[in-house]
A.B. asks: 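Have a look at this one.
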Amino acid sequence: MKTPTQVNEVAIVLPAYNEEQDLPKLLENIREKLARMPFAYNVIVVDDGSKDRTADIAREFAKTMPLKLVQHVVNKGLGEGVQTGLREGWLVGDVVIVMDADNSHDPVYIEEMVKKIRDGDADVVIASRFQPGSVVQGVPFFRQVLSWGCFLMMKTLLPYRNVRDYSTGFRAYRSLTLGRLIKNAGPQFLQESSFACMLELMLSLRWVGARAAEIPYTLRYDLKVGVSKMRIWRTIKRYFNVIGRYWAKDVLPQTQEPSLNELRTQLRA
Ligand SMILES: Nc1nc2c(ncn2[C@@H]2O[C@H](COP(=O)(O)OP(=O)(O)O)[C@@H](O)[C@H]2O)c(=O)[nH]1
Ligand SMILES: [Mg+2]
(Lines give C-alpha, C1' and ligand atoms only; values in the text may rest on other atoms or scores of the structure.)
(Ligands and ions follow the chains in the order given, each with its own letter.)
Protein backbone atom coordinates (compact mmCIF):
# COMPACT_ATOMS: atom_id res chain seq x y z
CA MET A 1 0.00 0.00 0.00
CA LYS A 2 1.39 3.39 -1.03
CA THR A 3 1.30 6.01 1.69
CA PRO A 4 2.88 9.24 0.42
CA THR A 5 4.28 11.51 3.07
CA GLN A 6 5.06 15.19 3.03
CA VAL A 7 8.75 15.93 3.46
CA ASN A 8 9.52 19.50 4.44
CA GLU A 9 12.58 18.77 6.46
CA VAL A 10 15.14 16.00 6.86
CA ALA A 11 17.43 15.33 9.79
CA ILE A 12 20.91 14.09 8.86
CA VAL A 13 22.44 12.10 11.70
CA LEU A 14 26.21 11.67 11.70
CA PRO A 15 27.47 9.26 14.36
CA ALA A 16 31.06 10.37 14.82
CA TYR A 17 33.98 9.00 16.74
CA ASN A 18 37.35 10.63 16.17
CA GLU A 19 36.45 11.91 12.70
CA GLU A 20 38.51 15.12 12.61
CA GLN A 21 40.17 14.08 9.38
CA ASP A 22 37.04 13.38 7.34
CA LEU A 23 34.17 15.31 8.96
CA PRO A 24 35.01 18.79 7.53
CA LYS A 25 34.92 17.57 3.92
CA LEU A 26 31.63 15.79 4.52
CA LEU A 27 30.00 18.83 6.16
CA GLU A 28 31.10 21.08 3.28
CA ASN A 29 29.65 18.58 0.86
CA ILE A 30 26.34 18.42 2.77
CA ARG A 31 26.10 22.22 2.84
CA GLU A 32 26.64 22.41 -0.90
CA LYS A 33 24.46 19.49 -2.05
CA LEU A 34 21.55 19.95 0.37
CA ALA A 35 21.18 23.60 -0.60
CA ARG A 36 19.91 22.36 -3.98
CA MET A 37 17.41 19.84 -2.63
CA PRO A 38 13.70 20.62 -2.25
CA PHE A 39 13.56 20.34 1.55
CA ALA A 40 15.19 21.94 4.56
CA TYR A 41 17.76 20.00 6.55
CA ASN A 42 19.30 19.82 9.98
CA VAL A 43 22.53 17.97 10.69
CA ILE A 44 22.85 16.21 14.05
CA VAL A 45 26.44 15.30 14.86
CA VAL A 46 26.58 12.72 17.63
CA ASP A 47 30.06 13.00 19.03
CA ASP A 48 30.59 9.85 20.99
CA GLY A 49 33.33 10.86 23.40
CA SER A 50 35.88 11.63 20.67
CA LYS A 51 39.38 12.45 21.83
CA ASP A 52 40.19 14.57 18.80
CA ARG A 53 38.73 17.81 17.36
CA THR A 54 35.44 16.27 16.14
CA ALA A 55 33.29 18.37 18.53
CA ASP A 56 35.22 21.59 17.80
CA ILE A 57 34.73 21.04 14.07
CA ALA A 58 30.99 20.52 14.55
CA ARG A 59 30.77 23.71 16.66
CA GLU A 60 32.63 25.66 14.00
CA PHE A 61 30.32 24.47 11.17
CA ALA A 62 27.25 25.17 13.31
CA LYS A 63 28.00 28.87 12.78
CA THR A 64 27.40 28.59 9.05
CA MET A 65 24.94 25.71 8.60
CA PRO A 66 21.98 24.16 10.46
CA LEU A 67 23.86 21.79 12.74
CA LYS A 68 23.29 20.56 16.27
CA LEU A 69 26.02 18.90 18.26
CA VAL A 70 25.01 16.17 20.71
CA GLN A 71 27.75 14.73 22.87
CA HIS A 72 28.30 11.60 24.89
CA VAL A 73 30.82 12.37 27.60
CA VAL A 74 32.41 8.93 27.22
CA ASN A 75 32.53 6.64 24.22
CA LYS A 76 29.50 4.34 24.19
CA GLY A 77 29.81 2.66 20.79
CA LEU A 78 28.13 3.07 17.41
CA GLY A 79 24.80 1.56 18.54
CA GLU A 80 24.34 4.16 21.28
CA GLY A 81 25.42 6.90 18.89
CA VAL A 82 22.91 5.89 16.23
CA GLN A 83 20.21 5.54 18.85
CA THR A 84 20.85 9.00 20.28
CA GLY A 85 20.78 10.45 16.76
CA LEU A 86 17.56 8.70 15.74
CA ARG A 87 15.83 9.71 18.98
CA GLU A 88 16.64 13.35 18.25
CA GLY A 89 16.19 13.10 14.50
CA TRP A 90 12.63 11.81 14.25
CA LEU A 91 11.47 14.77 16.37
CA VAL A 92 12.85 17.34 13.91
CA GLY A 93 12.72 15.75 10.45
CA ASP A 94 9.97 14.04 8.44
CA VAL A 95 12.74 11.72 7.29
CA VAL A 96 15.95 10.85 9.14
CA ILE A 97 19.11 10.09 7.19
CA VAL A 98 21.95 8.32 8.94
CA MET A 99 25.31 8.23 7.21
CA ASP A 100 28.96 7.67 8.10
CA ALA A 101 30.88 10.75 9.16
CA ASP A 102 33.99 9.51 7.32
CA ASN A 103 33.19 11.10 3.94
CA SER A 104 32.66 7.75 2.21
CA HIS A 105 28.91 8.36 1.76
CA ASP A 106 27.98 11.11 -0.70
CA PRO A 107 25.00 13.25 0.41
CA VAL A 108 24.01 13.63 -3.25
CA TYR A 109 21.98 10.38 -2.89
CA ILE A 110 19.78 11.83 -0.15
CA GLU A 111 17.36 13.36 -2.66
CA GLU A 112 16.57 10.03 -4.31
CA MET A 113 16.30 8.25 -0.97
CA VAL A 114 13.89 10.85 0.39
CA LYS A 115 11.83 10.74 -2.80
CA LYS A 116 11.09 7.05 -2.29
CA ILE A 117 9.75 7.76 1.18
CA ARG A 118 7.87 10.86 0.04
CA ASP A 119 6.19 8.88 -2.78
CA GLY A 120 5.19 6.18 -0.31
CA ASP A 121 7.34 3.47 -1.92
CA ALA A 122 9.13 2.57 1.31
CA ASP A 123 9.59 3.37 5.01
CA VAL A 124 13.33 2.72 4.97
CA VAL A 125 15.60 3.30 1.98
CA ILE A 126 19.06 1.80 1.87
CA ALA A 127 21.98 3.07 -0.19
CA SER A 128 23.03 -0.43 -1.18
CA ARG A 129 26.34 -1.90 -2.26
CA PHE A 130 24.52 -4.79 -3.89
CA GLN A 131 22.23 -3.27 -6.51
CA PRO A 132 22.91 -3.31 -10.25
CA GLY A 133 24.86 -0.10 -10.85
CA SER A 134 26.36 0.07 -7.34
CA VAL A 135 30.11 0.67 -7.21
CA VAL A 136 32.38 0.04 -4.25
CA GLN A 137 35.71 1.85 -4.30
CA GLY A 138 38.58 1.11 -1.97
CA VAL A 139 36.97 -1.36 0.46
CA PRO A 140 39.42 -4.02 1.71
CA PHE A 141 38.68 -7.52 0.42
CA PHE A 142 37.87 -8.97 3.83
CA ARG A 143 35.35 -6.23 4.55
CA GLN A 144 33.58 -6.99 1.27
CA VAL A 145 33.45 -10.67 2.20
CA LEU A 146 31.92 -9.72 5.54
CA SER A 147 29.09 -7.68 4.04
CA TRP A 148 28.38 -10.39 1.44
CA GLY A 149 28.41 -12.94 4.27
CA CYS A 150 25.86 -10.86 6.16
CA PHE A 151 23.69 -10.64 3.03
CA LEU A 152 23.80 -14.41 2.39
CA MET A 153 23.17 -15.24 6.02
CA MET A 154 20.18 -12.93 6.22
CA LYS A 155 18.71 -14.10 2.93
CA THR A 156 18.87 -17.63 4.29
CA LEU A 157 17.80 -17.08 7.88
CA LEU A 158 15.66 -13.93 8.14
CA PRO A 159 15.01 -12.46 4.71
CA TYR A 160 13.69 -8.91 4.47
CA ARG A 161 11.80 -8.12 1.29
CA ASN A 162 13.81 -5.92 -1.13
CA VAL A 163 16.87 -5.83 1.13
CA ARG A 164 20.35 -6.96 0.14
CA ASP A 165 22.61 -4.61 2.10
CA TYR A 166 21.78 -5.39 5.73
CA SER A 167 24.83 -3.88 7.37
CA THR A 168 25.44 -0.48 5.79
CA GLY A 169 25.16 2.73 7.78
CA PHE A 170 23.74 4.82 4.90
CA ARG A 171 19.95 4.77 5.10
CA ALA A 172 16.87 7.00 5.16
CA TYR A 173 14.09 6.32 7.66
CA ARG A 174 10.57 7.62 7.69
CA SER A 175 10.12 9.41 11.01
CA LEU A 176 6.65 7.97 11.52
CA THR A 177 8.16 4.48 11.29
CA LEU A 178 10.88 5.38 13.80
CA GLY A 179 8.15 6.68 16.10
CA ARG A 180 6.31 3.40 15.76
CA LEU A 181 9.51 1.54 16.62
CA ILE A 182 10.18 3.72 19.67
CA LYS A 183 6.55 3.39 20.80
CA ASN A 184 6.71 -0.42 20.65
CA ALA A 185 10.28 -1.08 21.74
CA GLY A 186 10.88 1.87 24.06
CA PRO A 187 13.61 4.52 23.95
CA GLN A 188 16.29 1.82 24.25
CA PHE A 189 15.25 0.22 20.97
CA LEU A 190 18.81 -0.80 20.13
CA GLN A 191 20.64 -3.11 22.48
CA GLU A 192 23.76 -3.51 20.37
CA SER A 193 26.55 -1.05 21.02
CA SER A 194 28.76 -2.64 18.34
CA PHE A 195 28.56 -2.20 14.56
CA ALA A 196 26.00 -5.06 14.57
CA CYS A 197 23.54 -2.32 15.57
CA MET A 198 22.98 -1.62 11.87
CA LEU A 199 21.70 -5.17 11.38
CA GLU A 200 19.73 -4.95 14.61
CA LEU A 201 18.04 -1.77 13.40
CA MET A 202 16.98 -3.47 10.15
CA LEU A 203 15.54 -6.41 12.07
CA SER A 204 13.69 -4.13 14.45
CA LEU A 205 12.19 -2.29 11.49
CA ARG A 206 11.19 -5.61 9.96
CA TRP A 207 9.51 -6.41 13.28
CA VAL A 208 7.37 -3.25 13.11
CA GLY A 209 6.41 -4.04 9.53
CA ALA A 210 8.48 -1.35 7.76
CA ARG A 211 8.70 -1.65 3.97
CA ALA A 212 12.21 -1.40 2.56
CA ALA A 213 13.71 -0.30 -0.74
CA GLU A 214 17.27 0.06 -1.99
CA ILE A 215 19.01 2.40 -4.38
CA PRO A 216 22.37 1.82 -6.07
CA TYR A 217 25.23 4.17 -5.15
CA THR A 218 28.97 4.53 -5.24
CA LEU A 219 30.70 3.92 -1.93
CA ARG A 220 33.83 6.07 -1.85
CA TYR A 221 35.79 4.24 0.82
CA ASP A 222 38.89 5.45 -1.02
CA LEU A 223 38.13 9.03 0.12
CA LYS A 224 38.29 8.02 3.77
CA VAL A 225 41.48 9.32 5.37
CA GLY A 226 40.92 8.17 8.97
CA VAL A 227 41.04 4.57 10.15
CA SER A 228 38.00 2.28 10.31
CA LYS A 229 36.58 1.84 13.79
CA MET A 230 34.92 -1.46 13.06
CA ARG A 231 36.08 -4.39 15.16
CA ILE A 232 35.50 -7.14 12.65
CA TRP A 233 35.46 -10.27 14.83
CA ARG A 234 33.34 -8.66 17.50
CA THR A 235 30.85 -7.57 14.83
CA ILE A 236 30.59 -11.08 13.38
CA LYS A 237 30.01 -12.54 16.84
CA ARG A 238 27.32 -9.96 17.59
CA TYR A 239 25.56 -10.62 14.23
CA PHE A 240 24.70 -14.10 15.51
CA ASN A 241 23.45 -12.70 18.78
CA VAL A 242 21.17 -10.23 16.97
CA ILE A 243 19.80 -12.91 14.63
CA GLY A 244 19.14 -15.15 17.64
CA ARG A 245 17.13 -12.43 19.34
CA TYR A 246 14.94 -11.78 16.29
CA TRP A 247 14.71 -15.39 15.15
CA ALA A 248 11.36 -16.27 16.67
CA LYS A 249 9.86 -12.79 16.84
CA ASP A 250 6.66 -12.37 14.85
CA VAL A 251 6.05 -9.20 12.89
CA LEU A 252 3.80 -6.86 14.89
CA PRO A 253 0.21 -6.63 13.70
CA GLN A 254 -0.36 -3.48 11.62
CA THR A 255 -2.67 -1.04 13.36
CA GLN A 256 -4.01 2.35 12.43
CA GLU A 257 -1.23 4.77 13.40
CA PRO A 258 -1.62 8.29 14.68
CA SER A 259 -0.02 11.06 12.64
CA LEU A 260 3.64 11.94 13.12
CA ASN A 261 2.78 14.95 15.25
CA GLU A 262 0.36 12.98 17.42
CA LEU A 263 2.98 10.31 17.94
CA ARG A 264 5.60 12.92 18.85
CA THR A 265 3.25 14.47 21.42
CA GLN A 266 2.37 11.04 22.84
CA LEU A 267 5.96 9.92 23.22
CA ARG A 268 7.25 13.21 24.54
CA ALA A 269 4.65 13.20 27.32
N1 LIG B 1 28.78 7.24 17.98
C2 LIG B 1 29.78 6.44 17.59
N3 LIG B 1 30.09 6.42 16.31
C4 LIG B 1 31.08 5.60 15.92
C5 LIG B 1 31.81 4.79 16.81
N6 LIG B 1 32.71 4.09 16.10
C7 LIG B 1 32.55 4.47 14.83
N8 LIG B 1 31.58 5.39 14.72
C9 LIG B 1 31.11 6.06 13.51
O10 LIG B 1 30.43 5.12 12.74
C11 LIG B 1 30.63 5.36 11.39
C12 LIG B 1 31.20 4.10 10.77
O13 LIG B 1 32.52 3.92 11.23
P14 LIG B 1 33.69 3.73 10.20
O15 LIG B 1 34.98 3.77 10.91
O16 LIG B 1 33.47 4.69 9.07
O17 LIG B 1 33.44 2.24 9.71
P18 LIG B 1 33.61 1.64 8.26
O19 LIG B 1 33.30 2.70 7.28
O20 LIG B 1 32.61 0.54 8.24
O21 LIG B 1 35.00 1.16 8.19
C22 LIG B 1 31.56 6.57 11.31
O23 LIG B 1 30.79 7.70 11.13
C24 LIG B 1 32.22 6.57 12.67
O25 LIG B 1 32.64 7.84 13.11
C26 LIG B 1 31.47 4.86 18.19
O27 LIG B 1 32.06 4.24 19.06
N28 LIG B 1 30.44 5.70 18.51
MG1 LIG C 1 32.61 4.43 7.03
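Counting convention: from 1, in listed order, for ligands and their atoms alike.
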A.B. asks: Please state which protein non-hydrogen atom is closest to atom 28 (N) of ligand 1 and give its distance, to 0.1 Å?
C.D. replies: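 Looking at atom 28 (N) of ligand 1, the protein heavy atom closest to it is D48 OD2, 2.4 Å.
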A.B. asks: E19 heavy atoms, cut-off 4.0 Å: which ligand 1 atoms fall inside?
C.D. replies: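 Going through ligand 1 atom by atom, the ones under 4.0 Å from E19 are 22 (C), 23 (O), 24 (C), 25 (O).
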A.B. asks: Looking at residues at least two apart in the chain, or sitting in another chain, which of them share a side-chain contact (heavy atoms from CB on, under 4.5 Å) with L91?
C.D. replies: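 So L91 forms a side-chain contact (heavy atoms from CB on, under 4.5 Å) with R264, R268.
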A.B. asks: Does ligand 1 have any atom sitting under 4.0 Å from a heavy atom of K76?
C.D. replies: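 In this structure, K76 fails to qualify as a contact of ligand 1 - no heavy atom is under 4.0 Å.
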A.B. asks: Starting from atom 17 (O) of ligand 1, locate the nearest protein heavy atom and write down its residue, its atom name and how far away it is, to 0.1 Å.
C.D. replies: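 Going atom by atom, the protein heavy atom closest to atom 17 (O) of ligand 1 ends up being F195 CE2, 3.4 Å.
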A.B. asks: Side chain or backbone of N75 under 4.0 Å from ligand 1, or both, or neither, by non-hydrogen atoms?
C.D. replies: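 Within the 4.0 Å criterion, N75 contacts ligand 1 through side-chain atoms alone.
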A.B. asks: When you measure from the side chain of R234 to the backbone of F195, do you find a donor-acceptor pair of N or O atoms at a distance under 3.5 Å?
C.D. replies: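 Here the side-chain-to-backbone pair does not exist.
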A.B. asks: Looking at N162 and A212, would you say the former's side chain and the latter's main chain have a donor-acceptor pair under 3.5 Å?
C.D. replies: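 Such a contact is found between N162 side chain and A212 backbone.
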A.B. asks: Could you identify the single nearest non-hydrogen protein atom to atom 20 (O) of ligand 1 and state the distance to 0.1 Å?
C.D. replies: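 Going atom by atom, the protein heavy atom closest to atom 20 (O) of ligand 1 ends up being R143 NH2, 2.6 Å.
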A.B. asks: For ligand 1, which atoms have a heavy atom of Y221 less than 4.0 angstrom away?
C.D. replies: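 Near Y221, the atoms of ligand 1 are 18 (P), 19 (O), 21 (O).
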A.B. asks: Could you establish whether S104 and ligand 1 come within less than 4.0 Å of each other, counting only heavy atoms on the residue side?
C.D. replies: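 For ligand 1, residue contact (heavy atoms, under 4.0 Å) with S104 is absent.
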A.B. asks: Looking only at protein heavy atoms, which one is nearest to atom 5 (C) of ligand 1, and what is the separation?
C.D. replies: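 Going by distance alone, atom 5 (C) of ligand 1 is nearest to Y17 CB, 3.4 Å.
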A.B. asks: Out of all atoms in ligand 1, which are within 4.0 Å of some heavy atom of A101? Include the element for each.
C.D. replies: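 So the atoms of ligand 1 that pass are 22 (C), 23 (O).
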A.B. asks: Do any heavy atoms of G77 fall under 4.0 Å from ligand 1?
C.D. replies: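 Within the 4.0 Å threshold, so yes.
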A.B. asks: Check whether T54 reaches the backbone of E19 with its side chain - one donor and one acceptor, N or O, closer than 3.5 Å.
C.D. replies: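 The answer is yes, because a donor-acceptor pair under 3.5 Å joins these two groups.
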A.B. asks: Look at atom 6 (N) of ligand 1 and find which of K229, M230, Q83 reaches it with the closest heavy atom.
C.D. replies: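 Nearest heavy atom to atom 6 (N) of ligand 1 lies in K229.
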A.B. asks: For residues 91-118, which residue pairs qualify under ring-ring contact (aromatic ring centres under 6.0 Å, His included), counting only residues two or more places apart or in two chains?
C.D. replies: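 Listed by first then second residue: H105-F170, Y109-Y217.
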A.B. asks: What pairs of residues pass the salt bridge (Lys or Arg N to Asp or Glu O under 4.0 Å) test when at least one of them lies in residues 65-83, not counting sequence neighbours?
C.D. replies: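 For residues 65-83, and leaving out neighbouring residues, the salt bridge (Lys or Arg N to Asp or Glu O under 4.0 Å) pairs sorted by first residue read K68-E88.
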A.B. asks: If waters are left out, how many protein N/O/S atoms lie within less than 2.8 Å of the Mg ion (ligand 2)?
C.D. replies: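 For the Mg ion (ligand 2), the figure is 2.
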A.B. asks: Between H72 and ligand 1, which residue portion shows a heavy-atom distance shorter than 4.0 Å: side chain, backbone, both, or neither?
C.D. replies: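 Neither part.
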A.B. asks: Please could you name the atoms of ligand 1 that K224 approaches to less than 4.0 Å, counting only its heavy atoms?
C.D. replies: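 This gives 14 (P), 15 (O), 16 (O), 19 (O) as the contact atoms.
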A.B. asks: Does the side chain of K51 reach to within under 4.5 Å of the side chain of Y17, using non-hydrogen atoms?
C.D. replies: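 Result yes, sub-4.5 Å side-chain heavy-atom pair found.
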